Amino acid sequence: MLREILINLLTEAAKKAQREGKLPSVELPEITIERPQKAEHGDYASNFPLKLSRIARANPMVIANELVTLMPKTDEIESAVAAPPGFINFTLKNNWLNRQVDHILTEGESFGNNNMGQGKKVQVEFVSINPTGPLHVGHGRGAILGSALVNVLAASGYNVEKEYYFNDAGNQMDIFRRSLLARYLQSLGIKAEVPENGYMGNYMIVLAQEIITEHGDKFQKLTEAEALKQLGDIGIGKVKDKIKKDLTQLRVEFDVWFREQSLYENGQYDKVMAILRKGDHLAEKEGATWFVSTNLGEDKDNVVVRSNGMPTYFATDIAYHYNKFIERHFEKVIDIWGADHQGHVPRMKAVVAALGIDPEQLQIIIHQMVTLKRGGELVRVSKRTGDLITLEEVMEEVGVDACRFFFLARSASSQMDFDLELAKKQSQENPVYYVQYAHARITSIMRLVEEKKITFADGDTSLLTTEPELTLIRKLLHFPELIEMATLTLEPHHLAYYAQELANTFHAFYKDCRVVTDDEALTKARIKLVMASKTVLAKTLHLMGMNAPDRM
RNA sequence: GCGCCUGUAGCUCAGCCGGAUAGAGCAUCAGUCUUCGAAACUGGUGGUCGAGGGUUCGAAUCCCUCCAGGCGCACCA
């Protein structure tokens with residue numbers, strides 16, 4: 001990578017300066033290489049002389065000039081220039097840049113991949129809502145964020161597993177069962193009450209009626225306990241199927257659908273509780289069992305087993321994370337949660353530590369809430385169900401590509417306004433189509449190339465020397481750095497911005513540089529550049545889980 | 001009251017492990033189609049980076065205080 005090359009160059013120059021007595025023998029500060037905002041500042045820049053000046057107590061410009069003179073020549077770098085107040089700006093050689101087009105074509109779909117992950121086993125767990133109702137837009141955000149992050153991590157050489165955790169045990173499921181039974185009986189004309197704190201949504205009525213259509217009234221004849229079990233199981237199964245169906249439509253695939261129930265079935269829950277008890281992390285208070293996280297620096301303790309003997313959600317989550325790290329040996333676990341679960345983060349970290357696992361191995365991404373709007377107006381209630389608007393409705397209204405793009409164009413930490421009208425507009429004001437149009441345009445050029453039976457494998461990319469061509473090549477070469485950054489920060493939203501920039505750069509190139517002309521040699525060279533652009537743009541879109549259309 | 005997140009152009013948002021005149025898209029104004037897709041391109045207008053202190057050669061970025069909004073603070077999940 002260029003950054004490493006530049007760091008080495010600077011290090012060598014600095015050491016040489018020290019040997020020659022032009023710099024005091026101080027310990028060198030860490031060298032950072034950045035991409036300047038202004039093109040006139042070159043392709044890369046370093047503030048190394050500024051950092052060095054503080055330690056060496058010397059004028060930064062003097063240091064910069066010294067380093068520049070002592071720096072060895074390389075194939076990649078055209079020039080290294082000292083610039084006030086003490087930067088060094090690097091510019092790449094044109095004939096190195098245009099040769100990279102062939103490199104991109106050779107790499108193809110794997111261009112931009114790296115081996116940061118070194119095959120490490122990583123689990124990303126996301127969405128994971130209770131099977132008590134349909135997915136909403138907020139869940140969609142987590143789903144899209146997670147799936148794009150997984151793609152990025154895979155591109156960086158991690159061995160990634162995608163998991164959905166079904167909370168299908170516990171209190172909330174009981175309430176779901178009771179709510180469903182009440183709706184079932186009501187639909188049969190029998191008087192029944194949905195419990196307080198129950199699931200009131202209209203979808204529960206629809207679900208009850210669906211079950212009546214398929215199974216008749218047989219559950220009303222059973223004892224209540226038996227009805228809750230049998231009817232509830234059917235209901236839970238249906239809700240799960242619906243969740244899976246919505247996620248598939250959103251192009252979010254999972255490798256593992258993990259059931260909370262299984263933690264009890266295979267004894268892991270008991271095992272973990274024993275470990276915690278042995279480690280003196282549990283205490284009995286007020287008839288309940290508590291996880292004593294105050295010993296680990298937390299604000300308060302948390303109940304794991306209620307006084308009625310029922311484990312809390314927290315309890316199974318402890319067993320679940322034990323399972324992830326100890327039983328399944330994930331080296332890194334990433335949980336993606338909505339902002340409403342933020343308070344759960346410190347105690348989960350504390351638990352992991354109590355189990356003897358480095359809390360750094362557990363990374364929790366919190367994404368903020370989504371506000372749905374329509375032409376600037378808040379949307380609160382779905383017309384169809386009387387509930388919050390569902391993910392399915394949003395997908396149907398604005399389309400999956402637009403959904404994915406808009407969700408990925410926001411950093412997770414920022415609250416988000418999702419405007420249905422804007423996302424839907426298939427016009428110039430919609431960045432989704434702007435980006436996809438660039439791909440369709442490229443494909444259209446390639447169709448022409450095929451029609452004219454132009455072969456270009458022997459194209460000479462050193463003919464690409466004009467400013468729009470070189471700018472496009474530079475933009476393509478940003479891509480591997482983008483993958484690295486998104487991997488380090490766990491922030492896939494950079495993809496969306498890059499996609500727009502690349503489309504923009506391509507459109508500008510297209511306007512200035514006609515590809516297919518009478519100049520056969522230049523035509524072939526430009527076709528190569530177009531193909532490289534197609535490769536990178538398509539890959540960016542695919543990492544985002546979007547289509548790269550050939551026609552629009 | 002306490003904790004986490006956010007506050008940057010008219011709108012939606014990047015930039016935030018300090019760096020060079022603060023960016024993008026949309027909106028708005030003015031231009032550009034006899035040739036590969038004008039769903040495009042070029043240029044202009046538009047900013048006390050919530051406010052105030054501090055650290056620094058240098059702060060949108062780090063620290064403190066305050067203001068505003070979101071989300072939490074259960075023997076719910």
Side-chain angles (χ1 to χ4, degrees), chain A residues 30 32 34 36-38 40-41 45-47 50-51 53-54 60 83-87 89 128-130 132 167 170-173 175 197 285-290 299-300 302-314 316-317 337-346 366-369 371 373 376 406 409-419 422 425-438 440-449 451-452 488-489 493-494 496-497 500-501 503-504 506-517 523 526-527 530 551-552:
Chain A
E30 190 196 348
T32 52
E34 57 194 64
Q37 294 172 18
K38 299 278 168 184
E40 67 211 61
H41 293 139
S46 180
N47 61 355
L50 284 163
K51 282 189 173 180
S53 72
R54 199 175 310 188
F87 291 99
N89 295 331
S128 296
I129 68 158
N130 283 347
T132 57
N167 264 171
N171 202 27
Q172 291 303 313
M173 296 318 298
I175 295 171
N197 305 326
K285 272 190 297 185
E286 300 151 24
T289 306
W290 299 67
D299 294 344
K300 57 187 184 63
N302 296 281
V303 171
V304 285
V305 183
R306 301 184 185 92
S307 46
N308 66 7
M310 291 278 289
T312 61
Y313 150 89
F314 182 44
T316 39
D317 228 15
W337 299 343
D340 51 344
H341 285 66
Q342 185 280 137
H344 189 51
V345 174
I366 299 294
H367 65 83
Q368 299 299 313
M369 299 285 129
T371 308
K373 289 192 171 172
F406 272 81
R410 304 283 179 273
S411 65
S413 62
S414 133
Q415 287 151 233
M416 175 177 174
D417 286 346
F418 187 87
D419 195 314
L422 181 62
K425 279 188 188 168
Q426 302 202 6
S427 67
Q428 55 182 332
E429 58 196 278
N430 193 326
V432 180
Y433 298 97
Y434 178 83
V435 172
Q436 292 188 321
Y437 178 71
R441 197 175 223 185
I442 289 171
T443 317
S444 161
I445 298 172
M446 293 314 295
R447 277 195 295 269
L448 180 72
V449 168
E451 276 169 31
K452 298 201 166 206
L488 282 173
T489 58
H493 71 268
H494 300 290
Y497 289 88
Q500 287 185 84
E501 286 169 23
N504 178 253
F506 180 82
H507 285 311
F509 156 81
Y510 175 88
K511 208 70 186 176
D512 286 343
C513 304
R514 197 182 156 82
V515 178
V516 181
T517 63
T523 296
R526 284 185 172 165
I527 292 172
V530 169
R551 288 192 168 82
M552 291 173 68

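Treat the numbers as computed from the prediction; the structure is a model and nothing was measured. Here is the naming used below: chain letters follow the sequence lines, and residue numbers restart at 1 for every chain.
Between the side chain of Q415(A) and the base of G69(B), a donor-acceptor pair under 3.5 Å is found.
Going from atom CG of N47(A) over to atom P of U56(B) covers 19 Å, rounded to whole Å. Atom-to-atom, CG of N430(A) to P of A27(B) comes out at 11 Å; the value is rounded to the nearest Å. One can place CD of E34(A) at 12 Å from P of C17(B), the figure rounded to the nearest angstrom.
No contact: M310(A) has no heavy atom under 4.0 Å from any strand. A83(A) comes within 4.0 angstrom of a base, heavy atoms only. Among the protein residues, Y510(A) comes within range of the nucleic acid bases, having at least one heavy atom under 4.0 Å from a base atom. As judged by a 4.0 angstrom heavy-atom cut-off over every strand, R410(A) is placed among residues touching the sugar-phosphate backbone only. Residue H41(A) is in base contact, counting any heavy-atom pair closer than 4.0 Å across all strands shown. Among the protein residues, A438(A) comes within range of no part of the nucleic acid, since none of its heavy atoms lies under 4.0 Å from any strand. Nucleic acid contact class of N504(A) (heavy atoms, under 4.0 Å, all strands): sugar-phosphate only. If you check every strand for non-hydrogen atoms under 4.0 Å, Q436(A) touches nothing. Among the protein residues, E30(A) comes within range of no part of the nucleic acid, since none of its heavy atoms lies under 4.0 Å from any strand.
The side chain of S413(A) places no N or O atom within less than 4.0 Å of a non-bridging phosphate oxygen (OP1 or OP2) of C5(B). Residue H344(A) has no polar side-chain atom (N or O) positioned under 4.0 Å from OP1 or OP2 of C71(B). The shortest distance between the side-chain N/O atoms of S307(A) and the OP1/OP2 oxygens of C75(B) is not below 4.0 Å. At the phosphate of G37(B), neither OP1 nor OP2 sits under 4.0 Å from any side-chain N or O atom of Y433(A). Side-chain nitrogen and oxygen atoms of S414(A) include at least one within less than 4.0 Å of the OP1 or OP2 phosphate oxygen of A14(B). For the pair Y434(A) and C26(B), the criterion of a side-chain N or O lying under 4.0 Å from OP1 or OP2 is not met. Residue K51(A) places no side-chain N or O under 4.0 Å from the OP1 or OP2 atom of G18(B). For the OP1/OP2 pair of A14(B) and a distance below 4.0 Å, the side-chain nitrogens and oxygens of S411(A) include at least one atom meeting the criterion.
Nucleotide U42(B) forms a Watson-Crick or G-U wobble pair with A30(B), both donor-acceptor distances falling under 3.5 Å.
Comparing U45(B) with A30(B), their C1' atoms sit 11 Å apart, to the nearest whole Å.
In this structure, T371(A) contributes its side chain and D417(A) its backbone to no donor-acceptor pair below 3.5 Å.
Aromatic ring centres of Y434(A) and Y437(A) lie farther apart than the 6.0 Å criterion allows.
With the nearest nucleotide of RNA chain B identified for both S53(A) and P84(A), P84(A) has the one nearer the 5' end.
Listed nucleotides C75(B), A22(B), U42(B) differ in distance to Q37(A); the shortest reach to its side chain belongs to A22(B).
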